[in-house]
There are 2 protein chains.
Amino acid sequence: MFSNSTKYAIRTIEYLLHNNSDEKKSVVKLAAELDIPQPYLSKIMQQLSKGDIISSSKGRGGGFYLSDENMKRPLIDIVVCIEGYNVFDKCILGLKECSDKNPCLLHKYYGVFKASLVKPINQDSIKELFKLPN
Amino acid sequence: MFSNSTKYAIRTIEYLLHNNSDEKKSVVKLAAELDIPQPYLSKIMQQLSKGDIISSSKGRGGGFYLSDENMKRPLIDIVVCIEGYNVFDKCILGLKECSDKNPCLLHKYYGVFKASLVKPINQDSIKELFKLPN
DNA sequence: TTTAATTAGGATATAAATATCCGATTATCT
DNA sequence: AGATAATCGGATATTTATATCCTAATTAAA
């Protein structure tokens, strides 16, 4: 479903939200806290930063953080930033054409799942989504 | 979620079930019908055959088919045969520990999805599962 | 008995994802 | 000003998944 890169991205952003002090978080710290390979996470953070998903400041005392604007985005934006497309648009069995009219074997089950994700993933802001453990 | 290999495997077995005549199906035919790279599919069929998921006969007029026993298996067996484990046992966000007590962000939604898959994927035989378009 | 059509299996090639390394730049602290 | 701590960006390395190739073994048909 999600690539490792996307999983890392989501977990890191969750961490940033839950530890949203004034202090910016360096990749070294984030990688250690979240048990993610440090140079690899570095690349992911760069990509998220360029995609305006997270904010950064360079230099001593710098690091990554979430601006108020960043927090307004829905989770799907993170996925698209890393994967390059919305993974949920693809057929779970890899059919090029998969629809209600021409469904794959698991289409109806997957459809229900995706429908359940619309609010948390496509509509809610990550700030809302990550508010309470769920 | 599923690797390409597993997707190919599932689609091919679906085809075998829906075209279950006396005639065995060669990899050449299957690959052409299903638009899958032929030598790659060949490897996958070998693996499924060794795993007792499908049956084969060698030599001229030979090919792959499903025995009555093969048809009694649930779909999850195909997944495990190719992936080496049950992909649904893994956390969708890659957490090493992910449970009701210690859930990832998407745990509850994914849990509902997986629950909906128990009957079609873990309990029903593929013969039942593939009976009607759904 | 020869030929053709198939699976089986080992070796290899290619592509993509994952991961690392290093120098440049930037900002802060001393 | 100099040292330090950070991101940025390009290049490269490693690993895994995907894909191909070739030969052997098997079976059936000509």
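Keep in mind that the numbers below use all heavy atoms, side chains included, and drop hydrogens, waters and symmetry copies. So that the names make sense, note that chain A is the first sequence line, chain B the second, and so on, each numbered from 1. Here the structure is a predicted model, which is why all the values come from computation and not from measurement.
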### Task
For B:Tyr15, enumerate each residue passing the ring pair (Phe, Tyr, Trp, His ring centres under 6.0 Å) test, keeping only those at least two apart in sequence or located in another chain.
none
### Summary
Under a 4.0 Å heavy-atom cutoff, the residues of residues 22-30 of chain A touching DNA chain C are none
### Query
Does the distance from a Lys or Arg side-chain N to an Asp or Glu carboxylate O, for A:Arg11 and A:Glu14, drop under 4.0 Å?
no
### Task
Please report, rounded to the nearest Å, how far the P atom of D:dC8 is from the CD1 atom of A:Ile44.
14 Å
### Message
Return the NZ to CG distance between B:Lys90 and B:Leu95, rounded to the nearest 0.5 Å.
### Response
12.5 Å
### Query
Got a sec: does the CG of A:Asp68 have more than 12 other heavy atoms crowding it under 6.0 Å?
no
#### Entry: Stretch residues 77-89 of chain A: residues that reach within less than 4.0 Å of DNA chain D through a heavy atom
none
### Task
Treat primed atoms plus P, OP1 and OP2 as sugar-phosphate and everything else as base, then score nucleotides 21-30 of chain D 5' to 3': B for base contact with protein heavy atoms under 4.0 Å, S for sugar-phosphate contact only, - for none.
----BBBBS-
Between [X] and [N], does any side-chain N or O lie under 4.0 Å from OP1 or OP2?
| X | N | result |
| --- | --- | --- |
| B:Asn4 | D:dT18 | yes |
| B:Tyr40 | D:dA17 | no |
| B:Ser49 | C:dA8 | yes |
| B:Ser42 | D:dT20 | no |
| A:Tyr8 | C:dA19 | yes |

### Query
With a 6.0 Å cut-off on ring centres, are B:Tyr8 and B:Phe2 close enough?
no
### Message
On a heavy-atom basis, which atom in B:Val27 and which in B:Gln38 lie closest, and how many Å separate them?
### Response
CG1-O, 3.5 Å
### Task
Measure the angle between the two terminal helix axes of the helix from C:dT1-D:dA30 to C:dT30-D:dA1, five base pairs each, and quote it to 10°.
10°
### Message
By the side-chain hydrogen bond (donor to acceptor under 3.5 Å, both in side chains) test, which pairs, at least two apart or in different chains, include something from residues 57-67 of chain A?
### Response
A:Lys24-A:Ser57, A:Ser67-A:Asn70
